Amino acid sequence: MNPENVRIPKNLIRENVQPIKTNMKMKNVIIITSFVLALVLSSCGDKNQAPTAPPPPVLPVLAITSANTTTDAEYPAAIQGTVDVEIRPQVSGNLDRIFVDEGAYVSKGQTLFKINERPYREQLNNALASLHAAEAALINANLEVDKLTPLVQNKVVSDYQLKTAKASQKIAAANIEQAKAMVGSAKINLGYTNVTAPVSGYIGRLPKKQGSLVSASDVEALTTLSDVHEVFAYFSLGETDFINFKAQYAGSSLGDKIKKLPPVTLILADNNAYPQTGKIDMVDGQFDKTTGAITIRATFPNANGTLRSGNTGRIRLGLNHNDAILVPQSATVEMQDKVFVFTVGKDNKVTKMPITVVGKSGTNYLIKEGVKTGDQIVLSGIDKLQDGQAIQPEKSTKVAEVTNKK
């Protein structure tokens with residue numbers, strides 16, 4: 001019997017298909033219900049397992065107060081000896097000898113160079129010869145006057161001859177004075193061949209060597225000589241700084257104020273302070289039109305010769321501030337050339353506050369704007385703080401102290 005020829009009645013097919021569809025729907029409902037139930041249970045489980053929020057961090061807090069303090073301001077300085085002189089020849093000639101070496105210390109009057117003196121000694125000899133001739137001529141003129149005087153008195157000769165003799169006598173006397181001047185000039189030139197130190201100090205470079213031809217018109221000097229038993233440190237203040245600087249000290253005149261100025265410190269190129277303090281003793285008479293600054297001079301003792309002309313450094317000035325607001329540098333954070341602190345509000349939430357710094361006093365900033373007396377700031381642990389974050393202020397009485405520099 002061929003299976004393809006077997007036919008199933010339609011009513012039997014409908015009766016069998018209906019239970020199958022019903023079973024399929026039931027299974028789908030059960031699956032969906034189980035999925036929804038699982039989601040609900042999972043959601044309930046997540047809510048039960050959610051972690052609690054961490055407590056606010058405990059951070060030390062400082063209440064801002066005002067105090068009298070001193071801030072340090074530094075200004076670039078150029079150092080010179082009390083005497084910085086160029087040694088130049090006064091006469092021309094060959095450099096016969098050099099008696100010093102570069103960098104040597106010399107005393108006032110010590111011989112430094114010797115220029116060939118022979119031409120100038122001959123000039124002196126000629127001048128002396130002219131002087132002797134003039135003196136001999138004066139003797140002849142005197143004799144002539146002595147001879148004619150009695151003859152004129154006895155009217156043997158006319159007084160005209162006597163007058164002529166007296167005129168020749170005056171000419172001879174004048175020639176002597178001229179000859180003496182020439183002798184003096186020749187002696188001066190001869191003395192110039194011996195070049196001596198005008199002051200005590202240190203010798204600079206020696207560009208000329210033995211045998212060099214030197215003259216007074218040379219562009220380059222024989223050497224430089226610096227007297228550095230004391231040194232001058234020159235620095236400049238802007239107009240605003242100078243006004244504030246003057247306002248700090250009493251006195252009816254600038255000279256009176258200078259006498260009351262405290263000692264100043266010189267910071268050397270290696271950032272170490274020069275062991276001896278200096279004294280401001282000069283303020284320039286006018287401001288530089290180009291820079292808008294005024295030059296001030298401080299004098300420092302230099303008995304050991306530590307400082308030399310041409311050294312550079314920085315002058316550190318102390319400026320007094322009354323009722324100043326100080327904030328520790330450790331309580332600040334810098335961002336994009338601005339300085340911030342975190343202030344604490346009544347609800348213990350912090351606010352990132354920009355401040356204006358006008359100076360330093362030790363490890364503290366001197367504040368002009370941003371915070372005021374009575375404000376509270378976070379002292380440490382500010383690296384991870386966010387604006388608006390709540391904190392728990394440290395209740396311990398041991399908090400960082402602001403050190404006032406007297």
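The structure displayed is predicted, hence computed values, not measured ones.
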Asker: Rounded to the nearest 0.5 Å, how far apart are CE of Met282 and OG1 of Thr299?
Answerer: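 Reported to 0.5 Å precision, the distance equals 8.5 Å.
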Asker: Please indicate whether Asp347 has more than 12 foreign heavy atoms, meaning atoms of other residues, nucleotides or ligands, lying under 6.0 Å from its CG.
Answerer: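 Enclosed.
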Asker: Evaluate side-chain contact (heavy atoms from CB on, under 4.5 Å) for Leu162 paired with Val157, printing each intermediate quantity in order.
Answerer: CA-CA 9 Å; Leu162 180 59; Val157 296; over 6 Å; no
Asker: Would you call Phe300 and Tyr274 a side-chain contact if the rule is heavy atoms closer than 4.5 Å?
Answerer: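 Yes; the side chains approach each other to less than 4.5 Å.
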Asker: Answer yes or no: is there a side-chain heavy-atom contact under 4.5 Å between Tyr75 and Asp241?
Answerer: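 Contact flag for Tyr75/Asp241 side chains = yes.
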Asker: Mind checking whether Ile188 and Ser185 have side chains closer than 4.5 Å, heavy atoms only?
Answerer: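 The answer is no, as the side chains (C-beta and beyond) never meet within the 4.5 Å cut-off.
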Asker: State whether the side chain of Asp218 and the backbone N or O of Ser215 hold a donor-acceptor pair below 3.5 Å, judged by distance alone.
Answerer: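 Such a contact is found between Asp218 side chain and Ser215 backbone.
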Asker: Does Leu206 offer a backbone N or O that forms a donor-acceptor pair with the side chain of Lys209 under 3.5 Å?
Answerer: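 Checking the backbone N and O of Leu206 against the side chain of Lys209, a donor-acceptor pair under 3.5 Å is found.
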Asker: How close do Lys208 and Ile98 get, heavy atom to heavy atom, and via which atoms?
Answerer: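 Nearest pair, atom of Lys208 first, then Ile98: O-CD1, 3.5 Å.
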Asker: Look at the side chain of Asn304 and the backbone N and O of Thr306, then say whether any donor-acceptor pair between them is shorter than 3.5 Å.
Answerer: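 Checking the backbone N and O of Thr306 against the side chain of Asn304, no donor-acceptor pair under 3.5 Å is found.
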Asker: Of the non-hydrogen atoms in Val106 and Ala197, which two are nearest, and what is the gap between them?
Answerer: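 Residues Val106 and Ala197, closest heavy atoms: CG2-CB, 4.0 Å.
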Asker: For the pair Ile315 and Leu266, evaluate side-chain contact (heavy atoms from CB on, under 4.5 Å) and give the outcome as yes or no after the intermediate values.
Answerer: CA-CA 5 Å; Ile315 292 294; Leu266 176 63; 3.9 Å; yes
Asker: Is there a side-chain contact between Pro57 and Gln389, using heavy atoms and a 4.5 Å cut-off?
Answerer: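 They are in side-chain contact.
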Asker: Which atoms form the tightest heavy-atom contact between Thr351 and Asp387, and what is the distance?
Answerer: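 Scanning both residues, the minimum pair turns out to be CA-OD1, 3.2 Å.
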Asker: May I ask you to check whether Asp375 and Thr343 show a side-chain donor-acceptor distance below 3.5 Å?
Answerer: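 Result is no, nothing qualifies.
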Asker: State whether the side chain of Glu369 and the backbone N or O of Thr356 hold a donor-acceptor pair below 3.5 Å, judged by distance alone.
Answerer: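 Checked: no pair found.
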Asker: Give the minimum heavy-atom separation between Glu117 and Thr193, together with the two atoms involved.
Answerer: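 Taking Glu117 first and Thr193 second, the nearest heavy atoms are CB-OG1, 3.6 Å.
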Asker: Report yes if the side chains of Thr277 and Val264 come closer than 4.5 Å at any heavy-atom pair, otherwise no.
Answerer: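 A side-chain contact under 4.5 Å is absent here.
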Asker: Quick one: closest heavy-atom pair of Phe235 and Ala298, and the distance?
Answerer: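 Nearest heavy atoms, Phe235 then Ala298: CE2-CB, 4.4 Å.
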Asker: Could you check whether any side-chain heavy atom of Leu62 comes within less than 4.5 Å of a side-chain heavy atom of Gln376, counting everything from C-beta outward?
Answerer: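 No - every pair of side-chain heavy atoms lies 4.5 Å or more apart.
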Asker: So do Ile79 and Thr312 actually touch side chain to side chain, heavy atoms under 4.5 Å?
Answerer: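 They are not in contact (no side-chain heavy atoms under 4.5 Å apart), so the answer is no.
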Asker: On a heavy-atom basis, which atom in Thr373 and which in Thr65 lie closest, and how many Å separate them?
Answerer: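 The pair with the smallest heavy-atom distance is CG2-CA, 4.1 Å.
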Asker: Check for a donor-acceptor pair, side chain of Asp288 on one end and backbone N or O of Thr290 on the other, with a separation under 3.5 Å.
Answerer: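 Present.
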Asker: Is a side-chain donor-acceptor pair under 3.5 Å present for Asn302 with Arg308?
Answerer: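 The answer is no; no qualifying pair exists.
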Asker: Applying ring-ring contact (aromatic ring centres under 6.0 Å, His included), can you list everything that pairs with Phe287, at least two apart in sequence or on another chain?
Answerer: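 Phe242.
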Asker: Run the salt-bridge test on Arg297 and Asp281 with the 4.0 Å N-O cut-off and return the result as yes or no.
Answerer: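 A salt bridge is present here (some side-chain N lies under 4.0 Å from a carboxylate O).
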Asker: Nearest 0.5 angstrom please: Glu177 CD to Leu138 CG, how far?
Answerer: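 It comes to 10.0 Å.
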Asker: Got a second to check how far Ser212's OG is from Asn94's CG, nearest 0.5 Å?
Answerer: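 CG of Asn94 is found 8.5 Å from OG of Ser212.
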Asker: Treating Thr196 as the side-chain partner and Thr111 as the backbone partner, does any N or O pair qualify as donor plus acceptor under 3.5 Å?
Answerer: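 Judged by distance alone, no pair lies under 3.5 Å.
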Asker: Between Gln169 and Asn142, does any side-chain donor sit less than 3.5 Å from a side-chain acceptor?
Answerer: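 Yes.
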Asker: Do Asp284 and Ser236 have side chains that get closer than 4.5 Å, going by heavy atoms?
Answerer: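 Contact flag for Asp284/Ser236 side chains = no.
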Asker: Tell me whether Lys166 at atom NZ has more than 12 heavy atoms from other residues, nucleotides or ligands lying less than 6.0 Å away.
Answerer: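 No - once you tally the heavy atoms of other residues, nucleotides and ligands closer than 6.0 Å, there are 12 at most.
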Asker: Counting only heavy atoms not in Glu74, do more than 12 sit closer than 6.0 Å to its CD atom?
Answerer: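 Check passes, neighbour count above 12.
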Asker: Return the OG1 to CG distance between Thr149 and Asp159, rounded to the nearest 0.5 Å.
Answerer: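 The distance works out to 11.0 Å.
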Asker: Pick out which of Val83, Val199, Val100 makes a side-chain contact (heavy atoms from CB on, under 4.5 Å) with Leu225.
Answerer: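 Among the candidates, only Val199 passes.
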Asker: Between the main-chain N or O of Glu86 and the side-chain N or O of Thr224, is there a donor-acceptor pair closer than 3.5 Å?
Answerer: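 It does not hold such a pair.
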Asker: Using only atom types and a distance under 3.5 Å, with no angle test, would you say the side chain of Asn189 pairs donor to acceptor with the backbone of Ala186?
Answerer: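 No, the answer is negative, given that no donor and acceptor are paired below the 3.5 Å cut-off.
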Asker: Quick check against the 3.5 Å criterion: does Gln110 have a side-chain atom that pairs as donor or acceptor with the backbone of Ser107?
Answerer: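 Yes.
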Asker: Give, for atom CD1 of Ile325 and atom CG of Asn364, the distance between the pair rounded to the nearest 0.5 Å.
Answerer: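 Result: 13.0 Å between the selected atoms.
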Asker: Begin from the C-alpha positions of Lys114 and Asn194 and carry the test side-chain contact (heavy atoms from CB on, under 4.5 Å) through to its verdict.
Answerer: CA-CA 5 Å; Lys114 183 64 177 179; Asn194 193 38; 4.1 Å; yes
Asker: Atom CZ of Arg121 and atom NZ of Lys187: how far apart are they, to the nearest 0.5 Å?
Answerer: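 That separation rounds to 11.0 Å.
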Asker: Report the C-alpha separation of Leu385 and Val378 in whole Å, then their side-chain angles, then the decisive distance to 0.1 Å, and conclude whether the side-chain contact (heavy atoms from CB on, under 4.5 Å) test is met.
Answerer: CA-CA 10 Å; Leu385 277 182; Val378 181; 4.1 Å; yes
